[in-house]
Protein chains: 2
Amino acid sequence: MAKALRTKDKIIVTAEMLFAEHGFEQTSLRQITSEADVNLASVNYHFGSKKALIQAVMARYQSVFMPALDAQLTELARRAEINGATYNTVDVLACVNAPLLALKQVRLDGPVIYLRLLGYAYSEIQGHLRKFTMTHYGNTVQQFFAMIQTANPSLCANTLFWRLHFSLGAMLFAQVSGQALREIAASDFGEEAHAEETLAKLLPFVAAGIAAPDPRP
Amino acid sequence: MAKALRTKDKIIVTAEMLFAEHGFEQTSLRQITSEADVNLASVNYHFGSKKALIQAVMARYQSVFMPALDAQLTELARRAEINGATYNTVDVLACVNAPLLALKQVRLDGPVIYLRLLGYAYSEIQGHLRKFTMTHYGNTVQQFFAMIQTANPSLCANTLFWRLHFSLGAMLFAQVSGQALREIAASDFGEEAHAEETLAKLLPFVAAGIAAPDPRP
DNA sequence: CTCTATTTTAAACGCTCGTTTTATACACTC
DNA sequence: GAGTGTATAAAACGAGCGTTTAAAATAGAG
């Protein structure tokens, strides 16, 4: 029983690293099992299939991130209600920071891993992740959406919908292509940067884009 | 000789359609050749390899788009120089509109196809497309970059670099996931939309994001 | 018509993939 | 310590992939 958990853990830890690095479809079970030093068949034994392994990997991060995000959003809304103040776009967007950092509990480089996984999940298995997220954490996502709406009362819901997905795209692209871009930036501008700094650069961009005046009021 | 071109054309026309729909790696040569009603081996005969076919497909669009973009940028710079006026971020970004529409020469739905191909090219074969684009059309890309810089003199080059790639990510994501998102938007807001309208929604978002004040001057 | 070069075809090759099977080793209860 | 359920191991399966081969068909030139 003790040895069993060891193997299952070795698989999941290795898998999420390789998935984050090369994507889900580009990572074979043979890569994972040889890197983790376990038998090929053990993936199917412990998880049932590759698809189930992918879901297990994603679920491990979502189950930490989403409740933490929910708490941040609720806290922000509560504070605003108490002192009658209002919150802006940046306030709402900043709610993702702490939940991201909380992923260090899962793994030291959890935040980076999770964002890269998200990027690949969206670009490869398209609808699946969205469906999974919405059925399990739909309330949190809707609260996030509603609070962005509250922070930008002049924008129509349709515009906001698209701008949030543009933002998501910007973030996912920055994560998936992040390492390559960071190397180019380093050679062009002489500035070494880490994934966290890239994320910090994203916030002003996204906040301004979302809060831009609606072209058709 | 006449029949030969017919086959080669059938392959490329079918390939770019399937590539745009499912991505490069997800589309097999057997899908392409059976859909195009040609023999499997004819791809390797006419193009040499699948990789070469992908490059041929991309080159067909780039060779129309990039020179057209170059012309637009040069024209904008010329007008600004003549009457001493200046141009802003939107002016520069709007330079991609006409070149996109010019892709209808290649194919009726050329603009949509090209943007989707771009999305997959960037997310799948990562560095390859960038290298190819830079070696063949590096001047045009640099001119675009420089003019965005001119339109936003207060931003440092590093910030601009990242914001342009954030913008690219937003656009690519909107294209690759565009159909699914459009269906969701239609069911949530009752608004049917086409790919062109999605692109129109992108411009204000991206322009505001790029032109946002630099957080560290 | 004949010869030659180009194009098309059918078949197979070699490889990788996820999955399944079958047998062996292990841990724990009685 | 025998017996039982769980875990690991090696091997093979069947399918799909890009590519290659070698023969058949087709076209154009002399």
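So that the names make sense, note that chain A is the first sequence line, chain B the second, and so on, each numbered from 1.
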Protein-nucleotide distance ([X], atom [atom1]; [N], atom [atom2]), rounded to Å:
X        : N       : atom1 : atom2 : result
Asn44(A) : dT19(C) : CG    : C1'   : 5 Å
Leu18(A) : dG18(C) : CG    : P     : 12 Å
Tyr45(A) : dT21(C) : OH    : C1'   : 15 Å
Asp9(B)  : dT8(C)  : CG    : C1'   : 16 Å
Phe47(A) : dT8(D)  : CZ    : C1'   : 15 Å
Ile11(B) : dT19(D) : CD1   : P     : 13 Å
Lys10(B) : dT7(C)  : NZ    : C1'   : 13 Å
Asp37(A) : dT8(D)  : CG    : P     : 12 Å

Phosphate OP1/OP2 of [N] contacted by [X] side-chain N/O (<4.0 Å):
X        : N       : result
His46(B) : dT6(C)  : no
Ser42(B) : dT7(C)  : no
Ser49(B) : dG18(D) : no

Are side-chain N/O atoms of Asn39(A) and Thr33(A) paired as donor and acceptor at under 3.5 Å?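 There is no such pair (donor and acceptor under 3.5 Å, judged by atom type) between the side chains of Asn39(A) and Thr33(A).
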Side chains of Tyr114(A) and Gln62(A): any donor to acceptor distance under 3.5 Å? yes
With sequence neighbours excluded, residues passing salt bridge (Lys or Arg N to Asp or Glu O under 4.0 Å) with Arg182(B): none
Under the criterion ring-ring contact (aromatic ring centres under 6.0 Å, His included), I'd like the reasoning laid out for Phe189(B) against Phe161(A): C-alpha separation, chi angles, the key distance, then a yes or no. CA-CA 10 Å; Phe189(B) 312 113; Phe161(A) 171 86; 5.6 Å; yes
All N/O contacts under 3.5 Å from nucleotides 11-17 of chain D to the protein, with atom names and distances to one decimal?
residue : atom : partner  : partner atom : Å
dC17(D) : OP1  : Ser28(B) : OG           : 3.2

Residue pair Thr7(A) / Tyr45(A), side-chain heavy-atom distance below 4.5 Å: no
Check the surroundings of atom CG in Asn139(A): do more than 12 heavy atoms from other residues, nucleotides or ligands lie under 6.0 Å from it? no
Below 4.0 angstrom, N of the basic side chain to O of the carboxylate: do Arg60(B) and Glu16(B) qualify?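 Salt bridge: yes.
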